Amino acid sequence: MLVSRIFGRTLFAAAKSETYSATAAVTSVARNPLQEFFEADRSVDDDKPVVYGRSWKAPELRLKSWDDLNKLWYVLLKEKNMLMTQRQMLHSQNLRFPNPERIPKVRKSMCRIKQVLTERAIEEPDPRRSAEMKRMTNAL
């Protein structure tokens, strides 16, 4: 009993210190929360064009769990907000928005996530759980 308490405290203290150091590293990088709405500036001297990925396909999303899909939804929402903010800022300065095809990719992925979550809600045999899943999906 005593050994498990001491061992447990040691593990808890180690985990706490790792969490503190990870939090300190994150806070030192993201100084201003508004910077998350803008993409990191690239050097003009970069010769290589940046290649962005494709949108998520529905069969790929069907393999993911409910929690993973919700997390991915919010990552895409943050990306969409960042792109829309950047587009608006550049439009107000009469500058061209680079890679405008990224916004439809994000929107398609978000629509497909919603489609997969709706399919799961419809297939749910329990009517209460199905109604709750539909409410959660419609809230997205």
Side-chain angles (χ1 to χ4, degrees):
M1 179 77 170
L2 180 66
V3 173
S4 65
R5 278 189 188 169
I6 293 172
F7 188 66
R9 287 182 185 163
T10 306
L11 285 176
F12 180 70
K16 189 176 178 182
S17 67
E18 287 177 13
T19 303
Y20 175 73
S21 63
T23 305
V26 169
T27 56
S28 65
V29 173
R31 286 163 271 152
N32 187 352
L34 292 176
Q35 288 178 342
E36 293 181 15
F37 285 101
F38 299 99
E39 199 169 29
D41 289 333
R42 293 181 310 144
S43 174
V44 180
D45 299 331
D46 289 345
D47 292 335
K48 297 180 184 177
V50 177
V51 178
Y52 297 100
R54 58 176 175 78
S55 58
W56 284 85
K57 305 288 183 195
E60 296 170 339
L61 295 170
R62 287 186 185 104
L63 300 174
K64 298 200 169 289
S65 70
W66 181 273
D67 291 334
D68 288 343
L69 288 174
N70 280 314
K71 289 176 188 175
L72 182 58
W73 172 269
Y74 285 107
V75 167
L76 289 169
L77 182 64
K78 190 174 178 181
E79 177 78 9
K80 181 179 147 192
N81 285 339
M82 186 265 305
L83 290 171
M84 299 295 276
T85 303
Q86 187 178 17
R87 183 177 75 174
Q88 183 63 32
M89 181 197 67
L90 291 171
H91 180 71
S92 68
Q93 297 173 356
N94 292 326
L95 295 174
R96 189 180 68 82
F97 178 61
N99 301 315
E101 69 276 359
R102 290 173 63 190
I103 295 173
K105 289 179 185 178
V106 171
R107 284 186 181 153
K108 280 182 189 176
S109 295
M110 291 175 80
C111 287
R112 289 176 180 153
I113 288 174
K114 211 165 186 178
Q115 174 192 352
V116 169
L117 291 175
T118 303
E119 288 172 0
R120 288 184 186 179
I122 291 170
E123 292 172 0
E124 180 64 36
D126 182 19
R128 288 183 186 169
R129 184 171 158 94
S130 177
E132 179 64 26
M133 291 169 76
K134 287 177 185 176
R135 266 194 302 276
M136 290 175 63
T137 303
N138 290 334
L140 291 178

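It should be emphasised that the depicted structure is a prediction, and the values quoted were computed from it without experimental measurement. Residue numbers run from 1 in the order of the sequence given.
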key: Distance (rounded to the nearest 0.5 Å) between F97 CZ and Q88 CD   = 11.0 Å

query = Are the side chain of K105 and the backbone of G53 linked by a donor-acceptor contact shorter than 3.5 Å?
reply = yes

key: Rounded distance [0.5 Å steps], CG in L76 versus CE in M82   = 11.0 Å

ask   = Which value, rounded to the nearest 0.5 Å, describes the distance between R87 atom CZ and L95 atom CG?
value = 14.5 Å

ask   = Just how far is it from atom CE of M110 to atom OH of Y74, taken to the nearest 0.5 Å?
value = 9.0 Å

ask   = If every non-hydrogen atom of P104 is compared with every non-hydrogen atom of P100, which pair is closest and at what distance?
value = CD-O, 3.3 Å

key: R54, CZ: over 12 other non-hydrogen atoms inside 6.0 angstrom   = yes

inquiry  = Can you tell me how far apart CZ (R120) and CZ (R129) are? Round to the nearest 0.5 Å.
reply    = 10.5 Å

message = If we ignore hydrogens and angles and just use 3.5 Å, is the side chain of S109 paired with the main-chain N or O of S55 as donor and acceptor?
response = no

Result block: side-chain N/O donor-acceptor pairs under 3.5 angstrom for residues 133-140, not counting sequence neighbours:
residue: R135; atom: NH2; partner: E132; partner atom: OE1; Å: 2.8
residue: T137; atom: OG1; partner: M133; partner atom: O; Å: 2.8
residue: N138; atom: ND2; partner: K134; partner atom: O; Å: 3.2

key: Pairwise distance NZ(K64) to CG(L72) - rounded to 0.5 angstrom   = 7.0 Å

ask   = Applying the salt bridge (charged side-chain N to carboxylate O under 4.0 Å, His left out) test to E119, which of K114, R112, R62 qualifies?
value = R62

task = Assess whether side-chain contact (heavy atoms from CB on, under 4.5 Å) is satisfied between L117 and N70, documenting all intermediate values.
result = CA-CA 9 Å; L117 291 175; N70 280 314; 4.2 Å; yes

